[in-house]
Amino acid sequence: MKIPEFQKSLTDWFDANKRDLPWRKTRDPYRIWVSESMLQQTQVNTVIPFYERFLEIFPDISSLAASSVESVLKQWEGLGYYGRVRNLHRAARIVFEQYQGKIPREYEAFRKLPGVGEYIAAAVTSIAYQFTVPVIDGNVKRVLSRLFELTQPVNDAGKKKIFQDAVEEIFDASQPGKFNESMMELGALICRPNQPDCGQCPVSKHCLACIDGKVNRFPKKTQKPAVPEYHIVVGVIYREDKVLITLRKSDGLLGGLWEFPGGKVNKGETTEAACLREVFEETGLTVEMGSFFKTVKHAYTHFKILMDVFLCRFVSGDIRLNSAVDFKWIRIAELGDFPFPGSNHKFMHELPMRLDNCL
DNA sequence: AATGCGGGGTC
DNA sequence: GACCCAGCATT
């Protein structure tokens, strides 16, 4: 491959065809950092509205550092992978306290911040500071796979050396930020996972897979196992005009989000019985069954759930939390003030104000 | 090196 | 339905 020719074709194409994305209007490392955090495993069109709103509310490191985790989670609500924003928030506080509010310009110092891995460190420093470091993300791996007919699976975590070597061969150190963005943009717009548009590709004549007519055979992927499905019950516990919500522990799945108490249905158990049992185990409260409300389906990365929602009435007992770390009795109108998982959003906005209205 | 971690778009 | 996505932390 003629490297300089490849680089020029790629970056010229980028200049002429790049999308007008919000994070391309700035060189502020904070704004680029936020965008890269949101864009992890998440598509551009999903991110845009979250990005705009997040930066309106947290326009700089100091405002983010000064805010509560809960308020930050609330802005991330619905975006998923909540550890990203918990880490971003922790990192903002570290930058505020240890670096006088200035994002460290040293690669190693920045890389050490929570949530900043190889990709984000490379992306932010190359785009904001022109550090000469190539990025490797899902798009870049797919492009490299086709350019060089790499047989290394792109979804095999960790094994990056082949891609690292390949990208270093074609990396344009004279304009690192533009080169990196160009590679990712090519992957997003032309060298797509399905039906790549080789006819419009600026570097198709450098691409082994295209030359060999094998574009559809790259990238190679490993097969993913099927995900299990769990049957879940959830109880919305009414007490007058209030309902009980509980706070998940701050790490792990949906960490730091509020939810309605519930859990898995045991084998041979009715969903009503499971609901009463789970409510008691998780909250210590005795409740009576009101009515079935709705069934919700939801998919996570490693499993799926079928969730039956019941409306219940508080009877007796004092709160004794099991896995949750906090609780609140709130009115239905206040639900929007707290961050909830997507599965809860599929029913919570349809809930009645009081239980007696619907019995 | 392997695993856990969301949600939405697309085909 | 299955696949894919501007990855990181933990073990």
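First the proteins, then the strands, lettered A, B, ... as listed; each starts at 1. Side-chain atoms are counted along with the backbone in the values below, which use heavy atoms only and exclude waters and symmetry mates.
- On the C1' atoms, dC5(B) is 14 Å away from dC5(C), given to the nearest whole Å.
- Rounded to an integer number of Å, the gap from Gln41(A) CD to dA6(C) P is 9 Å.
- Using a 4.0 Å cut-off between a side-chain N of Lys or Arg and a carboxylate O of Asp or Glu, Arg277(A) and Glu281(A) qualify as a salt bridge.
- Among the protein residues, Asn87(A) comes within range of the sugar-phosphate backbone only, with heavy atoms under 4.0 Å from sugar or phosphate atoms but none that close to a base.
- Taking the centre of each ring, Tyr51(A) and Phe54(A) stay at or above the 6.0 Å mark.
- When rounded to the nearest whole Å, the span between OH of Tyr81(A) and P of dA6(C) equals 13 Å.
- Ring-centre distance between Phe179(A) and Phe14(A): not below the 6.0 Å cut-off.
- Note on Val116(A): only backbone sugar-phosphate atoms sit closer than 4.0 angstrom, heavy atoms only; bases stay farther off.
- Ion pairing of Arg24(A) with Asp20(A) is absent here, as no side-chain N (NZ or NE/NH1/NH2) approaches a carboxylate O to less than 4.0 Å.
- Taking the side chain of Ile120(A) as heavy atoms from C-beta on, and the options dG7(C), dC5(C), dA6(C), the nearest nucleotide is dG7(C).
- A salt bridge links Lys178(A) with Asp15(A): the distance from a Lys NZ or Arg NE/NH1/NH2 to an Asp or Glu carboxylate oxygen falls below 4.0 Å.
- Ala123(A) comes within 4.0 angstrom of no nucleic acid atom, judged by non-hydrogen atoms across all strands.
- At whole-Å resolution of the value, CE in Met38(A) and P in dC8(C) are 16 Å apart.
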* Evaluate the salt bridge (Lys or Arg N to Asp or Glu O under 4.0 Å) criterion for residues Asp318(A) and Arg320(A): first the C-alpha distance (whole Å), next the side-chain angles of each, then the deciding distance (0.1 Å), finally the verdict. => CA-CA 6 Å; Asp318(A) 294 317; Arg320(A) 179 177 43 74; over 6 Å; no
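- Using a 4.0 Å heavy-atom criterion, one finds that Gly83(A) contacts no nucleic acid atom at all.
- Comparing atom distances between the Arg111(A) side chain and each of dC8(C), dA9(C), dC5(C) picks out dA9(C) as nearest.
- Defined by atom type and a distance below 3.5 Å, a donor-acceptor pair is present between the side-chain atoms of Trp258(A) and Glu70(A).
- A 4.0 Å heavy-atom criterion places the boundary nucleotides of DNA chain B facing chain A at dT3(B) to dG9(B), written 5' to 3'.
- Per the geometry, CG belonging to Leu39(A) stands 12 Å off P belonging to dC8(C), to the nearest Å.
- Each of Gln223(A) and Gln40(A) was assigned the nucleotide of DNA chain C with the nearest heavy atom; the assignment lying further toward the 5' end belongs to Gln223(A).
- The P atoms of dA6(C) and dT10(B) are separated by 13 Å, rounded to the nearest whole Å.
- Using a 4.0 Å cut-off between a side-chain N of Lys or Arg and a carboxylate O of Asp or Glu, Glu350(A) and Lys294(A) qualify as a salt bridge.
- The gap from the P atom of dG8(B) to that of dC8(C) amounts to 22 Å, rounded to the nearest Å.
- Residue Met184(A) contributes atom CE, which lies 13 Å from atom C1' of dC5(C) at whole-angstrom precision.
- Across all strands, Glu118(A) comes closer than 4.0 Å only to sugar-phosphate atoms, never to a base (heavy-atom distances).
- Side-chain contact annotation: Thr271(A) with Asp308(A), donor-acceptor N/O pair under 3.5 Å absent.
- Tyr119(A) comes within contact range of at least one nucleobase, with a heavy-atom separation under 4.0 Å.
- Distance, Met183(A) CE to dC5(C) C1': 17 Å, rounded to whole Å.
- Within the 4.0 angstrom heavy-atom criterion, only backbone atoms of the sugar-phosphate kind lie near Leu254(A); the bases stay farther away.
- The residue Arg248(A) sits apart from the nucleic acid: no heavy atom pair falls under 4.0 Å.
- Put simply, CH2 on Trp23(A) is 9 Å from C1' on dA6(C), counting in whole angstrom units.
- The nearest heavy atom of DNA chain B to Phe303(A) and to Lys159(A) marks one nucleotide each, and the one closer to the 5' end goes with Lys159(A).
- Between Asn45(A) and Tyr82(A), the residue whose closest nucleotide on DNA chain B is further toward the 5' end is Tyr82(A).
- When the P atom of dC5(C) is taken as reference, atom CG of Leu21(A) falls 17 Å away, rounded to whole Å.
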